[in-house]
Structure formats: C-alpha cells, structure tokens
Amino acid sequence: MRDEPSILHVDMDAFFASVEVLHDPSLKGKPVVVGGTGNRGVVASCTYEARAYGIRSAMPSVRARRLCPHAVFVHGRYDAYAEVSGRIFDVFRSFTPLVEGISLDEAFLDVAGARRLFGTPHDIAGEIRRRVFDETGLTCSVGGSTTKFIAKLASEAAKPSASFSGPVPGLGVKIVEPGDELAFLHPLPVQALWGVGPATLAKLERYGLRTVGDLAALSVETLVGAVGDSHGRHLHALAWARDERVVVSEQRAKSIGHEETYAEDKHERADLAREAVRMGDAVASRLRKHGVAGRTVTIKVRFHDFQTITRSHTLAAPVDTGHAIAQVASALLEQVDPSSGVRLFGVSVSNLQEGAAQLTLDDTGWGRATAAVDDIRERFGDAAVGPAALVDAAGRLRVKRRGEQQWGPGRDGGTAT
C-alpha cells in the first residue's frame, strides 16, 4: 500500500445530461434523460432532478418514462460528449502525464510527481475542479487515496445528491488519508465492493453480511466457500483496502468495433449485409485514425429473444479498409439465419497491430480510394462521403457515426443529427 494519497479519481457529475443542459439552457432545472428514447433504449445519463424520481443510468428508457412521464428525453450525441471530454482530459494532463481514462467522463490520475509543483492532493483536486469548470462550465467530483479502489469510492462520497429542485452540493473533494482507509471503507454497504452484483449480494446476505466491515470480519475460507475461490479472495482483499493496481496512462485497444440496436427487428440477410458495409466503413475509419490494422473480423448478432452469437474469421494479413472488413463480415453473415428477427448487429476487428495494412495488387485501388475518403471526411465531416450501398431510398447517405444509437434507437428508429 502506498504511503501517500497520490491517486485521484475524477468523475464528472451527470456528464452527458450536463452537456445537453449547457447546449440548451431551456433544459436547466428540468428532469432530463439522455439515451435511447425508443422502447429498446436505455438511460445513459440523467440530471439530478431526474434522479430524484429514481431514474438511473443503464435503466430501460421505458421504465424511466414510467417513473417520470414529464421527463425530457434527449437522444445522445457522442461526438459532442467526446469533444468536451477531450478538453477535460487536457486539464487532467496539465497536472500529470499519468492519466488513465476509464470512460469519457472519468479517469484515474497519479499525482505523486505533481505535489511539489501543485501542492497537496487536496489542493490539486480542488484546482482540477476549478479548471474543469472554467474550461467547460461543468462540475466534477474528486476522490483521493493510496489505492484506486478507495479513490473511486471517495469520489462517490464527494458527489452531489439528487433532489426535485436540482443537485444538492456534496463535498466536491474527498481525500482518504493513509491510515484512514478502513474507517472510511468498513461502514459502507457491502455492494460498494467491486464485483458485488445482485447474485453475489444475495449470497452474502444469507450470511448476514450488510457492510464491508461485516465481510472483512468473515474468514477468507468462509468467503471462498460462499462465492468461490477467486471471487472470494478478491472481495476479501478489497474489504481490507488491498489494491495494488497502478495508474496506467496508455492502454492499447484490443479491438475496435461498432454495433447497433434496431427499432424493429431485421429479418432479411440483405438488410444485414448493408449494415455490414455500414459498420465496416465506420470500423475501418477508426482503425486508420488510430494508425492500426487488424486480422480478425467478428460479427455479433442478437436475435429477437436476446440470444446472442458471434462469428469470427482471421485473415492472413491485417486490414484497415471498409471494403475488406465488409467482405469478411458479409461472408460470416452467410452462417446466420436472421429470419426469426435480429435486434442488434455489430462488427469489430481485433488482433490489432500498429501501422497501416500492407496493400496487395488486388487492393491498391481501394487503398487510394480510402485515402481520398479520409481526406474528404477530415475536411467536410464523416457524412460527406461513403459507400454507395449506404444511400437510402430518399437519397441520403447513412454512414455509421461513433456512439450513434449507443444507447438504443429513438422512438422513430432514427438517430440524432
């Protein structure tokens, strides 16, 4: 365990919803829900006014609408959130290069090397909050400790609380000093431990365990008998604040992919083949932006009854063009019978390696075309050019954007612009 609280966890407050309120000030003070607005959508974020009604992230949008019929539902705009996130992470990196992004709106920072320049972890946390607000107009909560696990719990303790009239300010910053970890941790409910979901919680409750302290008092052998060897030892270590993980500033992606849930099931293979072209084009664009190519193409198919299957094919050489990816994905679709109805389809590429794919005589033309497409999109946007197969009956080009329908389709099955 480290001897100083040098690890900070920064978590934006209701990030997606807060960005939407900044974009449209008329939403201020209202219960706003961001996510999929249709029957198959889920909540991505919501304002504290909406949380007062019991709405939470990952909740089905249908249930959220029942809890608060007058809530304002906004379809998510990934590009907007990514742009604001970039500015937030620039603030983080102005304090330390050791920034480990967890998502668009949260990150771990190791500020051990920043103390001489910026002061104590509490000083740094307060300055981060001020700088983030100055740069974006958004608020964040910061927790700090000697371990990542306690730092994340501390940021949760610093959060605002919900009310029908808006967020009730919390601590903003919560630093758990060395030696105080167990006093902070043990009174918390046992579900505060990473890895305690509904099934594990039910097992622990049969032993009368309600708090982390209750679990810590249990012998590791008893805990292993209750939830299994690996899981039991993991929970026992966390209950005693043991977490040796360090902040990892750069984590290479293992795969890059896109998937989409449809407002209505797709029953025809031809429709899914067009989706394979659409997904392949988007995946390839991201591969090239990251300067990588991949050898394994995988499709993911979720049927009407939620049964989910994947099919993969590994190529002899890595690829980074939409044409090559779509060819493999379409061939994999031949192994799938969609007649019962497909509610979700996705394409991903893994086995990544740095550098552009090696062009062969067969695909040199595609390489030139791809370079031209990248140039046009860089200048005019992703929807400026794309495969002809993606032009719909109304003459509109339906390219796949990152984050589009990430939380399910809208009520009309369409996407936000």
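Side-chain N or O atoms of R286 include none that pairs as donor or acceptor with a backbone N or O of I256 at under 3.5 Å. Put simply, the side chain of R93 never gets that close to the backbone of I88: no donor and acceptor are under 3.5 Å apart. Side-chain atoms of R295 come within 3.5 Å of backbone atoms of L315 as a donor-acceptor pair (strictly under, hydrogens ignored). Side chain of S348 to backbone of G346: no donor-acceptor contact under 3.5 angstrom is found. A distance-only check finds no donor-acceptor pair linking the side chain of H9 to the backbone of A154 [under 3.5 Å]. Within the 3.5 Å criterion, the main-chain N or O of D281 finds no donor-acceptor partner in the side chain of S285. In this structure, R129 contributes its side chain and C140 its backbone to a donor-acceptor pair below 3.5 Å.
In this structure, the separation between CG on L235 and CG on L218 is 11.0 Å, given to the nearest 0.5 Å. The OG1 atom of T310 lies 9.0 Å from the NZ atom of K300; values are rounded to the nearest 0.5 Å. Atom-to-atom distance recorded for K152:NZ and I7:CD1 is 13.5 Å, nearest 0.5 angstrom. One finds the CZ atom of R131 at 12.0 Å from the CD1 atom of I124 (value rounded to the nearest 0.5 Å). Atom CD of residue E260 and atom CE of residue M279 lie 5.0 Å apart, to the nearest 0.5 angstrom. Annotation: the span from Q327 atom CD to I325 atom CD1 amounts to 11.0 Å, rounded to 0.5 Å.
Side-chain contact check for S45 and S57: no donor-acceptor pair (N or O, by modelled atom type) lies under 3.5 Å. Looking at T298 and S312, their side chains do bring a donor and an acceptor atom within 3.5 Å of each other.
Annotation: cation-pi pair R130/F133 absent, no NZ/CZ under 6.0 Å from the ring centroid and within 45° of its normal. At least one cation-pi condition fails for R40 and Y262: the charged atom is not both under 6.0 angstrom from the six-membered ring centre and inside a 45 degree cone around its axis.
Within 6.0 Å of the CD atom in E205, the count of heavy atoms belonging to other residues, nucleotides or ligands exceeds 12.
At a threshold of 4.5 Å between non-hydrogen side-chain atoms, the residues F108 and V10 do not count as touching. At least one side-chain heavy atom of L138 sits under 4.5 Å from a side-chain heavy atom of M12. Residues W240 and E181 are not in side-chain contact: their nearest non-hydrogen atoms beyond the backbone lie 4.5 Å or more apart. When side chains are defined from C-beta on, L352 counts as touching V349, because their heavy atoms get closer than 4.5 Å. A heavy-atom distance below 4.5 Å is not found between the side chains of R77 and D79. Annotation: side chain of V91 is not in contact with side chain of D134 (no heavy-atom distance under 4.5 Å). Within the 4.5 Å cutoff, no side-chain heavy atoms of V32 are placed close to those of Y48. Within the 4.5 Å cutoff, side-chain heavy atoms of V72 are placed close to those of L27.
Aromatic ring orientation, F118 versus F95: tilted (interplanar angle from 30° to 60°).
Contact detail for R51 and R56: the closest heavy-atom pair is O-NH1, 3.0 Å. Taking every heavy atom of both residues into account, C46 and A14 meet most closely at O-CB, 3.4 Å. The two residues S155 and S141 have their closest heavy-atom pair at O-CB, 3.7 Å. Pairing each heavy atom of L104 with each of S85, the nearest pair is O-OG, 2.7 Å. Counting all heavy atoms, side chain and backbone alike, A293 lies closest to D320 at CB-CB, 4.0 Å. L215 approaches A239 most closely through the heavy-atom pair CD2-CB, 3.5 Å.
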Evaluate the criterion side-chain contact (heavy atoms from CB on, under 4.5 Å) for residue pair M59 and L67; output intermediate values, then yes/no. CA-CA 11 Å; M59 175 182 289; L67 289 172; 3.7 Å; yes
Would you sort out whether Y78 and E83 count as a side-chain hydrogen bond (donor to acceptor under 3.5 Å, both in side chains), showing the intermediate values? CA-CA 9 Å; Y78 187 93; E83 188 276 327; over 6 Å; no
Could you walk me through whether D243 and T147 satisfy the side-chain hydrogen bond (donor to acceptor under 3.5 Å, both in side chains) test, starting with their C-alpha distance in whole Å, then the side-chain angles of each, then the deciding distance to 0.1 Å, before giving a yes or no? CA-CA 6 Å; D243 179 13; T147 67; 4.6 Å; no
Applying side-chain contact (heavy atoms from CB on, under 4.5 Å), run through N351 and Q353 and close with a yes or a no. CA-CA 7 Å; N351 275 344; Q353 66 178 45; over 6 Å; no
Could you give me the CA-CA distance, side-chain angles and deciding distance for V34 and F73, then say whether side-chain contact (heavy atoms from CB on, under 4.5 Å) is met? CA-CA 6 Å; V34 176; F73 281 76; over 6 Å; no
Determine, step by step, whether V301 and L344 satisfy the side-chain contact (heavy atoms from CB on, under 4.5 Å) criterion, reporting the C-alpha distance in whole Å, the side-chain angles of both residues, the deciding distance to 0.1 Å, and the verdict. CA-CA 6 Å; V301 179; L344 176 148; over 6 Å; no
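When ring centroids are compared, F89 and F92 come within the 6.0 Å threshold. Side-chain rings of Y53 and H70 approach one another, their centers coming within less than 6.0 Å.
Identified under the side-chain hydrogen bond (donor to acceptor under 3.5 Å, both in side chains) test for residues 191-204, with sequence neighbours left out: T200-H231. A salt bridge (charged side-chain N to carboxylate O under 4.0 Å, His left out) check over residues 209-236, counting only residues at least two apart or in different chains, returns the pairs D229-R233. Sorted by first and then second residue, the salt bridge (charged side-chain N to carboxylate O under 4.0 Å, His left out) pairs involving residues 153-175 (not counting sequence neighbours) are D11-K159, D13-K159.
By the 4.0 Å N-to-carboxylate-O rule, E259 lies too far from R302 to be salt-bridged with it. The residues D90 and R87 are annotated as not salt-bridged, no charged nitrogen and carboxylate oxygen being separated by less than 4.0 angstrom.
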